[in-house]
Amino acid sequence: MKILVTGASGLLGSRLIRELLSRNHEVIALYNRNPIPIDHERLVKVRLNIVNNISLEDLILKEKPDVIVHAAAYTDVDGCERDKAYAWRVNVEATRSIVRAARVVKSHLIYVSTDYVFDGEKGLYKECDIPNPVNYYGLTKLIGEELVRASDLLYTIVRPSAIYGVGGSKKSFAEYVAEKLSHGEKVYALVDQYVSPTHNTLLAMAIAEIVEMRPMGVLHVAGERMNRYEFATKIAETLGLPVELVEKANVKDMKHWIAKRPRDSSLNIVKARDLLKSKFYDTHLALELFKQEWLEAKSR
């Protein structure tokens, strides 16, 4: 199959293109600022800013991909609050362009959304729960979902949570924790914010499976529920770093935050777990993969 991936140099996209190539697919990889460090005979790399609607639609119309995985987004939660116009262009307008072009060439669209479409009042959200974002980032991603849902496309909306790993264009929380602790510095991690940390490589494997299965509707593809403090201590333990340097913090201490965060945006993953073979939910496997990838990156 021919698969177009947006955000191909990001934390998820960089792993996804490798996974798709390993499954013998042709991949058209879109990136903006950060180049893609791999070359392959079935990989076409295209530098394109997705806010350039005309170029984006022209590319889709020309390439006619069987599947589009829309993984690009402006994910800086406070940045979205500061510059709402830019957040709208990236997260809404670009999605509208992709939907418009995908309808013409009849691509299956996989839209990578977020747990932040929920308000965090109850946690362990199911796919059928009603979204209610508490910040502008979550709102723009929800509007993106609605554009996909309202189209007559074949689509899958994938909601992960707190994606982490090595190799993205910006450091994930796990990398930040690992680096600070390895330098003997303290890490403050929240005890009152719950997420479902999702490892990028395992998420990429799950999405590659979704590409081939093409299930319709919404799927929560994420790890197990834990607070940020529990997650940071698990990273420390896995890497053999000093757990005592991980200190408890509360949301009320986060004075530098501009945007409100959901208190518990963890996801119920029963539906995806029953449907997919990949073990995207396995915390032990995820942390061992993170350890291996982090040590490899450090030795370079």
Exercise. Which is it for Ser172 and Leu11 under the side-chain contact (heavy atoms from CB on, under 4.5 Å) test, yes or no, and what are the steps along the way?
Worked result: CA-CA 8 Å; Ser172 65; Leu11 197 56; 3.8 Å; yes
Seminar exercise, completed: Which of Ile68, Val112, Leu16 passes side-chain contact (heavy atoms from CB on, under 4.5 Å) with Val5? It is Leu16
Seminar exercise, completed: In Ile110, Thr6, Val99, the residue satisfying side-chain contact (heavy atoms from CB on, under 4.5 Å) with His70 is Thr6
Are [X] and [Y] connected, step by step, through hydrophobic side chains (Ile, Leu, Val, Met, Phe, Trp, Tyr) whose heavy atoms are closer than 4.5 Å?
{"X": "Tyr111", "Y": "Ile207", "answer": "no"}
{"X": "Leu203", "Y": "Leu219", "answer": "yes"}
{"X": "Val69", "Y": "Ile28", "answer": "no"}
{"X": "Leu12", "Y": "Val77", "answer": "no"}
{"X": "Phe173", "Y": "Tyr188", "answer": "no"}

To the nearest 0.5 Å, what is the distance between [atom1] ([X]) and [atom2] ([Y])?
{"X": "Ser266", "Y": "Asp264", "atom1": "OG", "atom2": "CG", "answer": "3.5 Å"}
{"X": "Leu267", "Y": "Leu124", "atom1": "CG", "atom2": "CG", "answer": "8.0 Å"}
{"X": "Ile258", "Y": "Glu81", "atom1": "CD1", "atom2": "CD", "answer": "8.0 Å"}

Donor-acceptor contact present, side-chain [X] to main-chain [Y], <3.5 Å:
{"X": "His183", "Y": "Glu179", "result": "yes"}
{"X": "Asn135", "Y": "Lys260", "result": "yes"}
{"X": "Arg18", "Y": "Ile38", "result": "no"}
{"X": "Asn49", "Y": "Asn32", "result": "no"}
{"X": "Asn268", "Y": "Val270", "result": "yes"}
{"X": "Ser161", "Y": "Ala222", "result": "no"}
{"X": "Lys279", "Y": "Leu202", "result": "no"}
{"X": "Ser151", "Y": "Val148", "result": "yes"}
{"X": "Arg273", "Y": "Tyr281", "result": "no"}
{"X": "Asp192", "Y": "Val251", "result": "yes"}

Problem set entry | Check: Met1 and Val67 side chains under 4.5 Å, non-hydrogen atoms | yes
Problem set entry | Any side-chain heavy-atom pair of Phe290 and Val166 under 4.5 Å |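 When only atoms from C-beta onward are counted, Val166 and Phe290 do touch, with a gap below 4.5 Å.
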So which heavy atom on [X] is nearest to which on [Y], and how close?
{"X": "Gly7", "Y": "Ala72", "result": "N-CB, 3.4 Å"}
{"X": "Leu241", "Y": "Ala178", "result": "CD1-O, 3.7 Å"}
{"X": "Ala236", "Y": "Val246", "result": "CB-CG2, 4.4 Å"}
{"X": "Ala94", "Y": "Leu56", "result": "O-CD2, 3.8 Å"}
{"X": "Pro133", "Y": "Gly138", "result": "CB-C, 3.5 Å"}
{"X": "Ser265", "Y": "Val195", "result": "OG-CG1, 3.9 Å"}

Going by side-chain contact (heavy atoms from CB on, under 4.5 Å), name the residues that satisfy it together with [X], two or more places apart in sequence or in a different chain.
{"X": "Thr238", "result": "Leu287, Glu288, Lys291"}
{"X": "Glu224", "result": "Met226, Thr283"}
{"X": "Lys45", "result": "Tyr31, Ile36, Asp39, Leu43"}

Once side-chain hydrogen bond (donor to acceptor under 3.5 Å, both in side chains) is applied, do any residues pair with [X], and if so which ones, sequence neighbours excluded?
{"X": "Ser9", "value": "none"}
{"X": "Tyr116", "value": "Gln193"}
{"X": "Glu175", "value": "none"}
{"X": "Lys180", "value": "Glu185"}

Problem set entry | Stepwise side-chain contact (heavy atoms from CB on, under 4.5 Å) test for Leu59 and Leu30 | CA-CA 10 Å; Leu59 181 73; Leu30 271 58; 3.4 Å; yes
For this session: Could you walk me through whether Val211 and Leu20 pass side-chain contact (heavy atoms from CB on, under 4.5 Å), step by step?
Result: CA-CA 9 Å; Val211 162; Leu20 293 170; 4.3 Å; yes
For this session: Could you tell me if the ring centre of His199 sits under 6.0 Å from that of Tyr164?
Result: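 So the answer is yes for these two rings.
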With sequence neighbours left out, which residue pairs that include part of [range] fulfil the salt bridge (Lys or Arg N to Asp or Glu O under 4.0 Å) condition?
{"range": "residues 228-252", "answer": "Lys186-Glu247"}
{"range": "residues 205-220", "answer": "Arg23-Glu212"}
{"range": "residues 137-151", "answer": "Glu145-Arg149, Glu145-Arg159, Glu146-Arg149"}
{"range": "residues 109-126", "answer": "Lys122-Asp129"}

Exercise. Please walk me through it: do Ile60 and Val105 pass side-chain contact (heavy atoms from CB on, under 4.5 Å)?
Worked result: CA-CA 8 Å; Ile60 293 168; Val105 297; 3.9 Å; yes
Exercise. Tyr74 pairs by ring-ring contact (aromatic ring centres under 6.0 Å, His included) with which of Tyr136, Tyr86, Trp88, Tyr137?
Worked result: Tyr86
Exercise. For residues 55-68, which residue pairs qualify under side chain to side chain donor-acceptor pair (under 3.5 Å), counting only residues two or more places apart or in two chains?
Worked result: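 Listed once each, the pairs are Lys2-Glu63, Asn52-Ser55, Glu57-Ser97, Glu57-Arg100.
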